[in-house]
Peer 1: 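Okay, handing you the structure first.
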Amino acid sequence: MASKQLRILVPVKRVIDYQIKPRVNKTGTAVETTGVKFSINPFDDIAVEEAVRIKEKNKSLVESIHAVSIGPAKAQDILRNCLAKGADTSTLIDSKDVVLEPLAVAKVLKQVVEKQNSNLVIMGKQAIDDDCNNTGQMLAGLLNWPQATNAAKVEFTDNGKVNVTREVDGGEEVVSASLPLVITTDLRLNVPRYVGLQNLMKAKKKPMEKLALKDFSNVDLEPRLKVLSVEEPQPRAPGVKVNSVDELVDKLKEAKVI
Amino acid sequence: MLGSRFARQLVRVAALRDSRCRSLVVRTALTGHIIPDGRFYSSKIQPRLTSEAYPYVKRDPSFKKLTNEDVSFFKSVLSESEVLEASEAEDLAFYNEDWMRKYKGQSRIVLKPKSVEKISKIVKYCNEHRLALVPQGGNTGLVGGSVPVFDEIILSVSNLNQIRSFDAVSGILKCDAGVILENADNFLAEHGYIFPLDLGAKGSCHVGGVVATNAGGLRLLRYGSLHGSVLGLEAVLPNGEILNSMDALRKDNTGYDLKQLFIGSEGTIGIITGVSIMTPTRPKAFNVSFLAVDSYESVQKVFVKAKKDLSEILSAFEFMDCHSQALTKKHLPDAPYPFEDDYPFYVLIETSGANKEHDDAKLESFLESAMEEELVVDGVVAQDETELKNLWQWREMIPESSQAEGGVYKYDVSLPLQDLYSLVEAANVKLEEAGLVGDAPKPVIKAVGYGHVGDGNLHLNVAVREYSKEVEKALEPFVYEFVSSKHGSISAEHGLGFQKKNYVGYSKNKEEIKLMKDLKQHYDPNGILNPYKYI
C-alpha cells in the first residue's frame, strides 16, 4: 500500500453526555434534552481517534479523513472537535429536531460515502442514546461492502488487507477483509486524545460543508417504529446489613435465591 | 490478634491500590470492621506514636485517666453501637491515626453519639471529671488536629448525619455536622443548588469538620470563605451547654456574631453539631481548560487575563509546577496526560455559569487571545464530562501522589502573589544544600508546589520516602520564617492543629495571641477540648 488510497469517512453523533444521568420528560414520551449537556458519542470519539492514528502511523496511506454528523445545528461543535483532532474536512447535515432511525441514517450515509468517494468507514458500534447497534451493519449492507464490527484492533497488512480483531466470548477473533470496508469500533480500541488549543484554532479554518435533510429528498426517511412510552427503570431496592452468617442465609432463603 | 492485624493491613493495601476510587467501602473479613467511607491511607509508612515522635510534648497530668466508672457512665448514656472500645482485636487505628499517617494517638475509646443531647451529657461529664476530648469528623485534616495526642477520648460526630431541612427558595441548608460533604452536595444537586465549598476529601470529610477548620478548597475563588456563607451553628460548649444559632438569617445585626468564633476554632472551644449554610444555585454548564505556561510570571499574567476576560464565570484558577505533575504521572501511569512535552508550569481553569453557549464563547475568545499573546504555550479543553473529570484529576491527585512513595511534609501558606512560588524554589535549594534530595536512600524526592492562585494560597509539598528529623529540621522553622518575612500566613486553609501550634507567632502578634488564649480560657477553663493543639 504505497499510494495514498484511503479515503476514510467517520460518521459521528451528538448524544447526551455519557456522565449525565438521562431523565424521562414529564409526558413520558422521550428523554429530557433541555438544559442537558451533549457531547460526541464515546464510540464515535474512538472511531475518530482510530482514523487519526491510522493517518499518523502511515502518512502515505491516507488521502483524507472526512467527518460527518447528522443532527441539530449544534452538532457542529463536535465536528469542530473532530477537525481539531485530525479530520481534514467535514459535513454537517442539519436534521433540525427530526430523529432518524438507523436505516434512514444508513441511507443518508450511503449517499455521503458515494459523494466523498470513501473506501473505508470507521464508526462507533452504537450510539449511547438509543443503543441500537444497527447503523454500521445496515450501511455495509446497503453498500454491499464487507463489515468488521466491534473492532478492538485494526491492522493494515502489506497485501492490502485489513485485519480487525474482535473481542468475543472466550478470546479474540480476527477477521480479514479488503477495501472498501465498514469498521465499527468497540470500547478498547484506543483511548481518544484531548483536543489541543492550537489544533482547535486551526480547525476553524478547515472546511465544514453544511447540508440539510431536504438535500436527501430522494431518501425515504419515514420512521418504521412508533414510540409508545418511555419509562424510568424500576429503582433498585436498598441493601440491608446482616450481623451474622445465619441471618444472611435466612435472608437469602427469604428472597428465594437459595 | 495477628489475624486481625493482617486483615487490616490487607484492607489498607487494597485501598491503596484502588485509591482513585473515592467512595470505597471495605469490610475486613476477620474483624467485621467497616471502613465507613472513602478514606484510604496514602502512605505506606506505619506511623509512630505522636508521644514518641514528639517527646517534648508531655501529657497534662491534670487530665484524669479513663476508668471503668467513666466507661460505665458513657455506656449508660449511649447504646452499644455508639461506643467503640479498644481491645486486642481492635486498636482503633482508624480513629487514632490521621490521614497522612504522620500522627498516632493512644485513645482507648471512641464515642459516636447519635444525638446532640447525648454529646452534651458526655461533654458535661468529661468537663466535670477533667477527661480530655478530641472531637473528630471525617478525620481528613492535614495538621494532626483531629486525632488524639495521648489518651484523649475520641468524640466522633459521624452518627449525626442527617439533613435537617432545605429551603429551595432561599437556598439555605440546615444539616447535622456529621453529614459527608459529598452527600450534602449530591442532596443539593437534586434541588439545583451547590455546596459553596469543594475539596479533594469530599467523599470523607464532614460538613461540621470543614466549618470547624474553616476549610478553603477549590470553590473559594467563586463563593468566598465559610465565614461568609455559614449563617448559623449549633455547638456543644465545654460545660455541656448547647449553643444554638441555627435560625438562619441572611442579615442579623443584633450583637456579637458568635458563630464566627467557632468557624476555624478546630474544636477547641466547642463541638459543632449542626450547620446552617447559604448555598448558591448550581451552575448548569462547566468548562475546564488545562494550560501549559513557561514561567511563574506567565501564570500571574494568565490569571489577570482570566479575571478580565472570563470575569463572573471564572470558578477556579489552579496552578501546578512540573514537579507535582511528574509525581502525579508516576502515580497514575494509565491516565491519559494532556500533553506530550513537559512544561515548567500548568494552569487549570474552570468556568461555570448558567448558559453553555455564552461560557463557551467567552472561554474560546480568552484562550485564543492568550495563545496569540503567547502567554500560554499549549493547552487542551475538555470536550465532554469524562475529560473534564480527567483533567481535574491532574490537580486533585497531587496530594495523594506526593505521598505515595512514603510520606509528605505539607505546608499550606498564604503569600503575596508575586512571591508565591519563590518559597518552593527556596525550599528545594535548602534541601539540596542539606544533601537530602535524590534517589533512594536520600529521604526527599522533591519539593513540589501547586495551589489556588486566585486566593494567594500555595501548597508546598515535600514528597519523602520516610519521615525524618533531618528533613523536618531543614524545613522548620525555615518555611515559617520565609513566610513571615514576606508577611504571609503559615496556614492559609489547613489550620493549626498539632503541627503548627508552636508557630502561630509567625503569623499573629502578641496581642492577638493573648486575646485568643483568653477566649480559650474563658470557654474551656479546664482545657479539655482538643488539648496540646491550636494555640
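Here is how names work: the chains are called A, B, and so on, in the same order as the sequence lines, proteins then strands, and each is numbered from 1.
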Peer 1: I need the A:Met201 CE to B:Glu368 CD distance, nearest 0.5 Å.
Peer 2: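 CD of B:Glu368 is found 4.5 Å from CE of A:Met201.
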Peer 1: More than 12 non-hydrogen atoms from neighbouring residues, nucleotides or ligands closer than 6.0 Å to CD on B:Glu80, yes or no?
Peer 2: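 No.
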Peer 1: Would B:Thr386 and A:Tyr18 count as a side-chain contact (heavy atoms from CB on, under 4.5 Å) if you check the C-alpha gap in whole Å, the side-chain angles of each, and the deciding distance to 0.1 Å?
Peer 2: CA-CA 8 Å; B:Thr386 312; A:Tyr18 160 71; 3.6 Å; yes
Peer 1: Under the side-chain contact (heavy atoms from CB on, under 4.5 Å) rule, what do A:Phe38 and B:Asp384 come out as? Steps first, then yes or no, please.
Peer 2: CA-CA 8 Å; A:Phe38 280 80; B:Asp384 57 36; over 6 Å; no
Peer 1: Under 4.5 Å heavy-atom distance to chain B, tell me which part of A:Lys85 shows up: side chain, backbone, both or neither.
Peer 2: side chain
Peer 1: Below 4.5 Å from any heavy atom of chain A, which atoms of B:Asn390 appear? Answer side chain, backbone, both or neither.
Peer 2: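 Backbone plus side chain of B:Asn390, per the 4.5 Å heavy-atom cut-off to chain A.
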Peer 1: For A:Glu56, does the CD atom have more than 12 heavy-atom neighbours from other residues, nucleotides or ligands under 6.0 Å away?
Peer 2: yes
Peer 1: With only heavy atoms counted, which part of A:Asp45 is less than 4.5 Å from chain B, the side chain, the backbone, both or neither?
Peer 2: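 Contact with chain B: side chain only.
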Peer 1: Report, as yes or no, whether the 6.0 Å neighbourhood of atom CD on B:Glu312 holds more than 12 heavy atoms from other residues, nucleotides or ligands.
Peer 2: yes
Peer 1: Can you find a heavy atom in the side chain of A:Lys74 that is under 4.5 Å from one in the side chain of B:Glu357?
Peer 2: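 Contact flag for A:Lys74/B:Glu357 side chains = yes.
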Peer 1: Measuring from B:Asp360:CG to A:Asp77:CG, what's the distance to the nearest 0.5 Å?
Peer 2: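 Answer for the CG-CG pair, B:Asp360 versus A:Asp77, is 6.5 Å.
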Peer 1: Begin from the C-alpha positions of A:Arg193 and B:Glu387 and carry the test salt bridge (charged side-chain N to carboxylate O under 4.0 Å, His left out) through to its verdict.
Peer 2: CA-CA 9 Å; A:Arg193 69 195 63 193; B:Glu387 286 191 3; over 6 Å; no
Peer 1: Side chain, backbone, both or neither: which part of B:Leu391 has an atom under 4.5 Å from a heavy atom of chain A?
Peer 2: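 Contact with chain A: backbone and side chain both.
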Peer 1: Looking at every non-hydrogen atom in both residues, tell me the closest pair between B:Val377 and A:Gln198 and how far apart they are.
Peer 2: O-NE2, 4.0 Å
Peer 1: Under a 4.5 Å heavy-atom cutoff, which of B:Pro338, B:Ala370, B:Ala382 has the most pairs with chain A?
Peer 2: B:Pro338
Peer 1: Which region of B:Lys356, side chain (C-beta onward) or backbone (N, CA, C, O), has a non-hydrogen atom less than 4.5 Å from a non-hydrogen atom of chain A, or is it both or neither?
Peer 2: side chain
Peer 1: Given heavy-atom pairs under 4.5 angstrom as the criterion, report whether the side chain, backbone, both or neither of B:Phe290 touches chain A.
Peer 2: neither
Peer 1: Report yes if some heavy atom in the side chain of A:Val191 is under 4.5 Å from a heavy atom in the side chain of B:Asp334; otherwise report no.
Peer 2: no
Peer 1: Output, in order, the C-alpha distance, side-chain angles, deciding distance and verdict of side-chain contact (heavy atoms from CB on, under 4.5 Å) for B:Gln383 and A:Arg80.
Peer 2: CA-CA 11 Å; B:Gln383 63 161 347; A:Arg80 169 106 35 86; over 6 Å; no
Peer 1: Should we count NZ of B:Lys329 as having more than 12 external heavy atoms under 6.0 Å?
Peer 2: yes
Peer 1: Does NZ belonging to A:Lys37 count more than 12 external heavy atoms closer than 6.0 Å?
Peer 2: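 Yes, because the 6.0 Å sphere around NZ of A:Lys37 holds more than 12 heavy atoms from other groups.
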Peer 1: At a 4.5 Å cut-off on heavy atoms, which part of B:Tyr337 comes close to chain A: side chain, backbone, both, or neither?
Peer 2: backbone
Peer 1: Is it the backbone or the side chain of A:Leu200 that comes under 4.5 Å from a heavy atom of chain B, or both, or neither?
Peer 2: side chain
Peer 1: With a 4.5 Å limit on heavy-atom distance, are the side chains of A:Leu197 and B:Val381 in contact?
Peer 2: yes
